[in-house]
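First comes the structure, then the notes that go with it.
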Amino acid sequence: MTPDLDQHLADAATAIAAAADLDALRIVDAELLGKQSVVTTARKALGAMDVEERKVAGRLLNEVRAGIQEQLEARRTELESAARSEQLESERLDLTELDRGRRLGHRHVVTRTWERLEDLFVGMGYTVSEGPEIEDEWHNFGALNFPPDHPARDMYDTLYVDHGEPGSTLLRTHTSPVQIRVMEAGGPPIYSIMPGRVFRSDTADSTHMPVFHQLEGLVVDRGITFGDLAGTLEAFTRAYFGGDFTSRLRPSYFPFTEPSAEFDIRRPDGTWLELGGCGMVHPNVLEACGLDPEEWSGFAFGFGLDRLALMRHGIDDLRELFRNDQRFLEQF
Ligand code: FA5
């Protein structure tokens, strides 16, 4: 019986190795360990043996059976992992296929200008603040030292919102109300910029849009002077436009700054361009925000983001930025 079983074990190993897939292995399993198998038949024959003989033969049979089971298990694991790999391979998706023929877009030139300016000022130690586009009269005008019914309010063609008392709610005409919100939210020292969308009922032309973007800057601290303002704007001009640009301030008027100035930049060809307004924060504005003008002083500036993008990229008509003509926009 012993040589037979040894031979059987060797034949079993060959049959198991030859099973090409899990179905074939199931058939080999039934043949080797099922009812008709050599092992089961031999086990039935044990009953006819005497005790000693049965002990020896029984142990041997158990070893053979365990050997077959072990080989079956090993082959099953092998085939299962092969089947899994095959499945993964067949289900693989080439995602790069999806990209074929599709052109990648990029952010709008105004968004990129906005982000560059944020990076630049954050690099100078400023935080970035935001405020609502729908404002109340107090933040857009009152707290900024525009007296009621004062002609200064006509500086901006304001779009009012039909909400609450007539004239009490509006689309902000500039980013300066965010100055008020920043001062209300926390005390000095304040070094913050406030980019955002603003609205005026201006007729669109090459330098005006009814919806455009501004970037406001506000610094409030002890001992801030006009020299700090001029130095900051000069540093900004050189960092943003390049070392061959410079800036100047011209006297101007805003109700919320005193003294006030227009901020111009000089291009390498010697021509000057107006970029925005600026000045020392008016004592009335500090007081409206609960700050003592004897203790704190500050400066503010605000310029047009869209016009900045125009200048930087040599575009001659603001309206082009918002026509959404792909052929135009993809150049920047
Ligand atoms: C203001 O809006 C002031 N709030 C700026 C300011 C802030 C002064 C802080 C002092 C201290 P002004 O109306 O000049 O000022 O607008 C500022 C800039 O916005 C302009 O120089 C211009 O670049 C841009 N701008 C104004 N109107 C339009 C428009 N319709 N379309 C595009 N850009 C505009």
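Counting starts at 1 for both ligands and their atoms, in listed order. Since the model is a prediction, treat every value here as computed from it, not as a measurement.
The backbone N or O of P293 lies less than 3.5 Å from no partner atom in the side chain of S297, so there is not a single donor-acceptor pair. Of the possible donor and acceptor atoms, none in the side chain of T173 sits under 3.5 Å from a partner among the backbone N and O of T158. With S260 contributing its side chain and F254 its backbone, the two residues share a donor-acceptor pair below 3.5 Å. Checking side-chain atoms of D228 against main-chain N and O of T225 turns up a donor-acceptor pair under 3.5 Å. Of the possible polar contacts, none joining the T175 side chain to the P195 backbone as a donor-acceptor pair under 3.5 Å is found.
The G276 neighbourhood of ligand 1 comprises atoms 21 (O), with distances under 4.0 Å to a heavy atom of that residue. When each atom of ligand 1 is checked for a heavy atom of A300 under 4.0 Å away, the hits are 9 (C), 11 (C). Near S176, meaning under 4.0 Å from any of its heavy atoms, are these atoms of ligand 1: 4 (N), 7 (C). The contact set between ligand 1 and E274, taken as ligand atoms under 4.0 Å from a residue heavy atom, comprises 21 (O). Taking every non-hydrogen atom of D202 and a distance limit under 4.0 Å, the qualifying atoms of ligand 1 come out as 29 (C), 30 (N).
Using modelled atom types, one finds no donor on one side chain facing an acceptor on the other under 3.5 Å when comparing H208 with D202. S37 and E31 share no donor-acceptor pair across their side chains, judged by distance under 3.5 Å alone. Remark: the E262 side chain and the S252 side chain contain an N/O donor-acceptor pair separated by less than 3.5 Å.
Ranked by closest heavy atom to atom 12 (P) of ligand 1, the top entry among R200, E262, M194, E216 is R200. Between atom 10 (C) of ligand 1 and the options F199, Y156, F256, the minimum heavy-atom separation is to F256.
Note on ring orientation: taking the six-membered ring where Trp is involved, the planes of Y126 and Y191 are perpendicular (angle over 60°, cut-offs 30° and 60°).
Assignment of H213 to the shell around ligand 1 is not supported, since no heavy atom sits closer than 4.0 Å. Under a 4.0 Å heavy-atom criterion, V198 is not in contact with ligand 1.
In terms of polar-atom proximity, defined here as any N/O pair under 3.5 Å, G302 makes no such contact with ligand 1. Taking only nitrogen or oxygen atoms, main chain and side chain alike, Q179 does not reach within less than 3.5 Å of ligand 1. Checked against a 3.5 angstrom limit, the closest N/O atoms of T257 and ligand 1 fall outside it.
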Criterion side chain to side chain contact (heavy atoms under 4.5 Å, CB included) on V56 and M49, from CA distance to verdict: CA-CA 10 Å; V56 177; M49 296 180 183; over 6 Å; no

Do T246 and R238 pass the side chain to side chain contact (heavy atoms under 4.5 Å, CB included) test, and can you show the C-alpha distance, the side-chain angles, and the key distance before you say yes or no? CA-CA 7 Å; T246 185; R238 287 171 181 275; 4.2 Å; yes

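Distance from atom 17 (C) of ligand 1 to its nearest protein heavy atom, with residue and atom name: Q214 NE2, 3.4 Å. Of the protein's non-hydrogen atoms, the one nearest atom 22 (C) of ligand 1 is R307 NH1, 3.4 Å. Protein heavy atom closest to atom 15 (O) of ligand 1, with residue, atom name and distance, is F254 CE2, 3.5 Å. Of the protein's non-hydrogen atoms, the one nearest atom 34 (C) of ligand 1 is F212 CE1, 3.2 Å. At the top of the distance list for atom 31 (N) of ligand 1, counting protein heavy atoms only, stands M209 N, 3.0 Å. Considering only non-hydrogen protein atoms, atom 24 (C) of ligand 1 sits nearest to G304 CA, 3.7 Å. For atom 8 (C) of ligand 1, the closest non-hydrogen atom on the protein side is G277 C, 3.4 Å.
Contacts between H208 and ligand 1 below 4.0 angstrom, taking non-hydrogen atoms only, involve backbone and side chain alike. Residue-level proximity to ligand 1 for T207 is carried by the backbone, the only part with a heavy atom below 4.0 angstrom. Residue contacts with ligand 1 for C278 involve N, CA, C or O but no side-chain atom from C-beta outward (heavy atoms, distance under 4.0 Å). At a heavy-atom distance under 4.0 Å, only backbone atoms of L275 (N, CA, C or O) approach ligand 1.
For an aromatic pair to be called close, the ring centres must be under 6.0 Å apart, and H174 with F256 satisfies this.
Counting only heavy atoms from C-beta outward, the side chains of W272 and I265 never approach each other to under 4.5 Å.
Atom-to-atom distance recorded for Q87:CD and R84:CZ is 5.5 Å, nearest 0.5 angstrom.
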